[in-house]
Amino acid sequence: MNQTVAIILLILLGVVIISFLINLYNKLVMLRFNVEKAYGNIDVVLKQRADEIPNLVTVAKHFMNYEEKLLARLTELRTFYNNSTDADKRTELANETSKALSSFFAVSENYPELKSNNNFLELQKRISELENKIADRREFFNDSVNLYNIGIHEFPNVILANMLGYKDKTLLEVTNAEKQYDGVQF
């Protein structure tokens with residue numbers, strides 16, 4: 001009788017452990033897919049922004065003779081973004097592109113002829129609209145990434161996450177220009 005009870009307890013313990021591992025694995029998969037979904041939502045807008053950069057550089061080249069490094073950096077970032085397939089690398093490039101665009105628009109203030117050009121104004125408006133869309137989607141993306149990063153570091157998730165090769169994901173940063181309101185830095 002004791003042997004039968006011990007076998008039943010071992011079987012129940014095995015079922016509990018297997019159920020626990022299945023639930024743990026499913027949680028990690030859900031977190032990973034939420035990040036991928038959020039990235040897919042924001043990647044569309046980031047791609048649209050990247051597609052506007054050549055037009056912006058073309059218009060600006062006629063007026064900004066002394067800002068060739070900045071224009072070249074924007075073009076380079078766009079090329080790297082379009083050629084990258086790794087989501088984390090694309091996120092890092094999107095962060096760098098945001099910073100470069102902020103610098104570009106700050107420098108464009110020094111060129112009144114450029115600021116009065118209709119093509120430039122239309123491109124600036126289009127990129128501004130895309131930046132607003134990015135800001136809207138960034139919150140969902142960053143929330144998903146944050147939950148994922150926490151999830152893969154919680155115990156006992158960390159053990160299974162390490163065995164499965166789960167790595168931290170990169171957040172989309174808020175640029176300094178977005179942190180300002182009426183010229184006041186937050």
With sequence neighbours left out, what residues match [X] under side-chain hydrogen bond (donor to acceptor under 3.5 Å, both in side chains)?
| X | value |
| --- | --- |
| N149 | none |
| E109 | K115 |
| K37 | none |
| Y166 | R32 |

Student check: side-chain heavy atoms of [X] and [Y] closer than 4.5 Å:
| X | Y | answer |
| --- | --- | --- |
| R126 | L130 | yes |
| L56 | F120 | yes |
| F140 | I42 | no |
| I134 | L46 | yes |
| L71 | F104 | yes |
| L31 | I152 | no |
| L160 | L28 | yes |

Inset, instruction - Return the minimal non-hydrogen interatomic distance between L114 and S108, and the atom names on each side. - result: CD2-CB, 3.9 Å
Inset, instruction - State, to 0.1 Å, how close L172 and A94 come at their nearest heavy-atom pair, and which atoms those are. - result: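 So the minimum-distance heavy-atom pair works out to CD2-CB, 3.8 Å.
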Distance from [X] atom [atom1] to [Y] atom [atom2], nearest 0.5 Å?
| X | Y | atom1 | atom2 | value |
| --- | --- | --- | --- | --- |
| N55 | E122 | CG | CD | 12.0 Å |
| L164 | I159 | CG | CD1 | 12.0 Å |
| L70 | L101 | CG | CG | 8.5 Å |
| L93 | E76 | CG | CD | 9.5 Å |

Legend entry - Residues clustered with V44, ILVMFWY side-chain links under 4.5 angstrom: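 The other cluster members (ILVMFWY side chains, heavy atoms under 4.5 Å, direct or chained): none.
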With [X], which residues qualify under side chain to side chain contact (heavy atoms under 4.5 Å, CB included), at least two apart?
| X | result |
| --- | --- |
| N82 | K47, A50, D51, R78 |
| V158 | F155, N162 |
| D136 | none |
| D143 | E139 |

Inset, instruction - Test N117 against V59 for side chain to side chain contact (heavy atoms under 4.5 Å, CB included), laying out the working first. - result: CA-CA 9 Å; N117 181 284; V59 170; 3.8 Å; yes
Legend entry - Check: E173 main-chain N/O paired with N95 side-chain donor or acceptor under 3.5 Å: yes
Inset, instruction - Check whether any side-chain N or O of S84 sits under 3.5 Å from a backbone N or O of F80 as a donor-acceptor pair, and report yes or no. - result: no
Inset, instruction - Just grab all the salt bridge (charged side-chain N to carboxylate O under 4.0 Å, His left out) pairs involving residues 80-95, residues at least two apart or on different chains. - result: D43-R90
Inset, instruction - Give the cluster check for V35 versus I150: same hydrophobic cluster or not, with ILVMFWY residues linked at side-chain heavy-atom distances below 4.5 Å. - result: no
Inset, instruction - Using the salt bridge (charged side-chain N to carboxylate O under 4.0 Å, His left out) rule, pick out the option among R137, R49, R138 that qualifies with E131. - result: R49
Give the table of side-chain donor-acceptor pairs shorter than 3.5 Å for residues 8-27, with sequence neighbours excluded, one pair per line with atom names and distance.
| from | atom 1 | to | atom 2 | distance (Å) |
| --- | --- | --- | --- | --- |
| S19 | OG | V15 | O | 2.9 |
| N23 | ND2 | S19 | O | 3.4 |
| N26 | ND2 | I22 | O | 3.3 |
| K27 | NZ | E154 | OE1 | 2.9 |

Inset, instruction - Please identify each residue that fulfils salt bridge (Lys or Arg N to Asp or Glu O under 4.0 Å) with E96, with sequence neighbours left out. - result: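 Result, salt bridge (Lys or Arg N to Asp or Glu O under 4.0 Å) vs E96: R73.
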